[in-house]
Amino acid sequence: MCRQRLSQCFQSPLYDKMTVDGKQQGALVAWDDFIDSILCVADLMYSETGFRSYFKQALRELYEDNVLYVEVRTIMDPMLRNNGKHFSREETLRMFIKVAEEFKEENPGFIGAKFIFLTVRSMPKETIESDIRLAMELHKKYPQHLIGYDLVGYENNGPPLSDLLDILFIPAQSGVNLPFFFHAGETNRFGDTDINILSAILLNTTRIGHAFALTKHPDLMKMVKEKDIAIEVNPISNQVLNFVSDMRNHPGAVFFANGLPVVICSDDPAPWRTSGLSYDYHAAFMAFTKAKDGLEVLKEMSRAGIKYSAMSRDEKSRAFDIWRHKWDDFINSFSLSGNKDQRLQHEDL
């Protein structure tokens, strides 16, 4: 009993340190706690043994939640080998690929994982330039695995994307097609940090992460819809980080009401004390959709994850085939009749 109490006394504060409970006052304080939670486990995550366990567990939780494909944003920091030396950053990417491929072999139906190279936006410009050049190199060498580039971090602290144009133009000027997946507009500000959304659109971003401030800019909403740029909406993340308290006031409801392309994502589920993707789907469905909306909306939400992914055309075709079978099984699980002719198919709903 004494040993159990000691274990609980150790585990409880450790768990609190590694997670964010959303009770902080203001986005800045919540963001600081979020960064602390990441730093708390960073060394474990980027050690050879710890990484394999951590990443496989992340994939397992997604797979058990019926997520069959994932695009992971990650800082390609040199991973610590078991012998005390470090992998190169390219070797770190290869480790990500290797673990994902192993998981794919071990779990039938799992389609795979691809990776987005990210840099923390507050890093010196020299670091950002070095990273984007490395991302270009790795994208050329591993085009099926390293699919693009992003800048992350607390946007209100800057710098804005417009201050980094000389760096962000390097791929195009070098003749390299490096897709961008920019975080932009993850802010409550108006006429300030939110202008990152415009920069992201003009830089031909493939998707926009969060775009929380987009509803304040009707013209940009129109551009996003016309260009069919999917918005990665992360309901629980936005609530935990204090951008919105009542989920019914989340801009995602406006995105849905105006027919903008939306992909529901979980951002960083472990620090939010959740897992998988279902919690975010539940939050989005309950808060963003109309009272009489039903399974047909969930169907389109699910399909969007494949449609707006970075998979190739052939990969998407295979993914949709797998998804259709999964959807049919899901719908037919509600059937109370054993009559095959009365069972629903995906075309019916």
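- Residues G294 and F285 approach most closely at O-CE1, 3.5 Å, considering heavy atoms.
- Within the 3.5 Å criterion, the main-chain N or O of L277 finds no donor-acceptor partner in the side chain of S266.
- In terms of heavy-atom proximity, A270 sits nearest to Y54 at CB-OH, 4.3 Å.
- Looking at L134 and M76, their side chains never come closer than 4.5 Å, going by heavy atoms from C-beta outward.
- In this structure, M247 and A283 approach most closely via the heavy-atom pair CE-CB, 4.1 Å.
- Here the side chain of T92 pairs a donor or acceptor atom with the backbone of S88 at under 3.5 angstrom.
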Please walk me through it: do W327 and R303 pass side-chain contact (heavy atoms from CB on, under 4.5 Å)?
-> CA-CA 10 Å; W327 181 261; R303 285 174 55 87; over 6 Å; no

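- Under a 3.5 Å cut-off, the side chain of T205 and the backbone N or O of R207 do form a donor-acceptor pair.
- Judged purely by distance below 3.5 Å, without hydrogens or angles, the side chains of D65 and S275 never pair a donor atom with an acceptor atom.
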List the steps and the verdict of side-chain contact (heavy atoms from CB on, under 4.5 Å) for M223 and D219.
-> CA-CA 6 Å; M223 290 176 68; D219 288 341; 5.6 Å; no

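- Residues I201 and V224 form a side-chain contact, since some pair of their non-hydrogen atoms from C-beta on lies under 4.5 Å apart.
- A single hydrophobic cluster is not seen to contain both F51 and L80; linkage of ILVMFWY side chains at heavy-atom distances under 4.5 Å, directly or through other members, places them apart.
- Distance check: I167 CD1 to T127 OG1 gives 9.5 Å after rounding to the nearest 0.5 Å.
- With sequence neighbours excluded, no residue forms a side chain to side chain donor-acceptor pair (under 3.5 Å) with Y63.
- In this structure, the side chains of E61 and Q57 come closer than 4.5 Å at one or more pairs of heavy atoms.
- Looking only at distances, a side-chain donor or acceptor of S333 sits under 3.5 Å from a matching main-chain atom of F330.
- Sorted by first and then second residue, the pairs that involve residues 104-113 and meet side chain to side chain donor-acceptor pair (under 3.5 Å), not counting sequence neighbours, are K56-E106.
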What's the verdict on side-chain contact (heavy atoms from CB on, under 4.5 Å) for K326 and L68, showing C-alpha distance, side-chain angles and the deciding distance?
-> CA-CA 10 Å; K326 288 278 188 179; L68 304 180; 4.0 Å; yes

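- In this structure, OG1 on T119 lies 5.5 Å from CG on L151, to the nearest 0.5 angstrom.
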Can I get a per-line list of side-chain donor-acceptor pairs under 3.5 Å for residues 172-184, giving both atom names and the distance, sequence neighbours left out?
{"from": "S174", "atom 1": "OG", "to": "I170", "atom 2": "O", "distance (Å)": "2.8"}
{"from": "H183", "atom 1": "ND1", "to": "D150", "atom 2": "OD2", "distance (Å)": "2.6"}

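- The aromatic rings of W272 and F34 sit tilted, their planes meeting at an angle between 30° and 60°.
- In this structure, F256 and F288 have tilted ring planes: the angle between them lies in the 30° to 60° band.
- Using a 4.5 Å heavy-atom threshold, the side chains of L241 and E186 count as touching.
- Here the side chain of H139 pairs a donor or acceptor atom with the backbone of L146 at under 3.5 angstrom.
- Between E129 and K125 no salt bridge is recorded (no basic side-chain N to carboxylate O distance below 4.0 Å).
- No donor-acceptor pair closer than 3.5 Å links the side chain of K307 to the backbone N or O of P261.
- Note that CE of M95 is 6.0 Å distant from CZ of R52, once rounded to the nearest 0.5 Å.
- Taking the six-membered ring for Trp and the full ring otherwise, the centers of F55 and F96 sit less than 6.0 Å from each other.
- Note: the hydrophobic cluster containing L118 does not contain V263 (ILVMFWY, side chain heavy atoms under 4.5 Å, direct or indirect links).
- In the hydrophobic clustering of ILVMFWY residues, with side-chain heavy atoms under 4.5 Å counting as a link, I147 and L203 come out apart.
- Not counting sequence neighbours, D280 has no partner by the side chain to side chain donor-acceptor pair (under 3.5 Å) test.
- No side-chain heavy atom of I75 sits under 4.5 Å from any side-chain heavy atom of M45.
- Classified by interplanar angle (parallel below 30°, tilted 30° to 60°, perpendicular above 60°), the ring pair F320/W323 is perpendicular.
- Residues L295 and L298 form a side-chain contact, since some pair of their non-hydrogen atoms from C-beta on lies under 4.5 Å apart.
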Verify side-chain contact (heavy atoms from CB on, under 4.5 Å) between E232 and R73, making sure each step is shown before the conclusion.
-> CA-CA 13 Å; E232 300 172 4; R73 283 176 168 86; 2.9 Å; yes

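- R273 approaches V20 most closely through the heavy-atom pair NE-O, 4.2 Å.
- Going from atom CZ of R94 over to atom CG of L138 covers 10.0 Å, rounded to the nearest 0.5 Å.
- Under the 3.5 Å distance criterion, the side-chain polar atoms of N242 are matched with a main-chain donor or acceptor of V240.
- Note on residues 141-165: pairs passing ring-ring contact (aromatic ring centres under 6.0 Å, His included), not counting sequence neighbours, are W31-Y154.
- Two residues are said to be in side-chain contact when any heavy atoms from C-beta on lie closer than 4.5 Å; S237 and H210 meet this criterion.
- Nearest approach of H250 to P235, heavy atoms of both residues: NE2-CA, 4.2 Å.
- Both V152 and L93 are members of a single hydrophobic cluster when ILVMFWY side chains are connected at heavy-atom separations under 4.5 Å.
- Placement of Y308 and F255 in two distinct hydrophobic clusters is found when ILVMFWY residues are connected by side-chain heavy-atom separations under 4.5 Å, directly or transitively.
- Using a 4.0 Å cut-off between charged side-chain N and carboxylate O, R324 and D321 make a salt bridge.
- Exactly one of L214, V233, T215 qualifies for a side chain to side chain contact (heavy atoms under 4.5 Å, CB included) with L260. That residue is L214.
- Here the straight-line distance linking atom OG of S199 with atom CG of D163 works out to 9.0 Å at 0.5 Å rounding.
- Rounding to the nearest 0.5 Å places NZ of K114 at 9.5 Å from CD1 of I97.
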For residues 188-197, please give each side-chain donor-acceptor pair under 3.5 Å, one per line with the distance, not counting sequence neighbours.
{"from": "N188", "atom 1": "ND2", "to": "F243", "atom 2": "O", "distance (Å)": "3.4"}
{"from": "R189", "atom 1": "NH1", "to": "D192", "atom 2": "OD2", "distance (Å)": "3.0"}
{"from": "T193", "atom 1": "OG1", "to": "N156", "atom 2": "OD1", "distance (Å)": "3.1"}
{"from": "D194", "atom 1": "OD1", "to": "G191", "atom 2": "N", "distance (Å)": "2.8"}
{"from": "D194", "atom 1": "OD1", "to": "D192", "atom 2": "N", "distance (Å)": "2.6"}
{"from": "D194", "atom 1": "OD2", "to": "G191", "atom 2": "N", "distance (Å)": "2.9"}
{"from": "D194", "atom 1": "OD2", "to": "H217", "atom 2": "NE2", "distance (Å)": "2.5"}
{"from": "N196", "atom 1": "OD1", "to": "L161", "atom 2": "N", "distance (Å)": "2.8"}
{"from": "N196", "atom 1": "ND2", "to": "E155", "atom 2": "OE1", "distance (Å)": "2.8"}
{"from": "N196", "atom 1": "ND2", "to": "T193", "atom 2": "O", "distance (Å)": "3.4"}

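- The two residues Q239 and S245 come nearest to each other via the heavy atoms NE2-O, 2.6 Å.
- Within the 4.5 Å cutoff, the side chain of E226 has heavy atoms near those of the K222 side chain.
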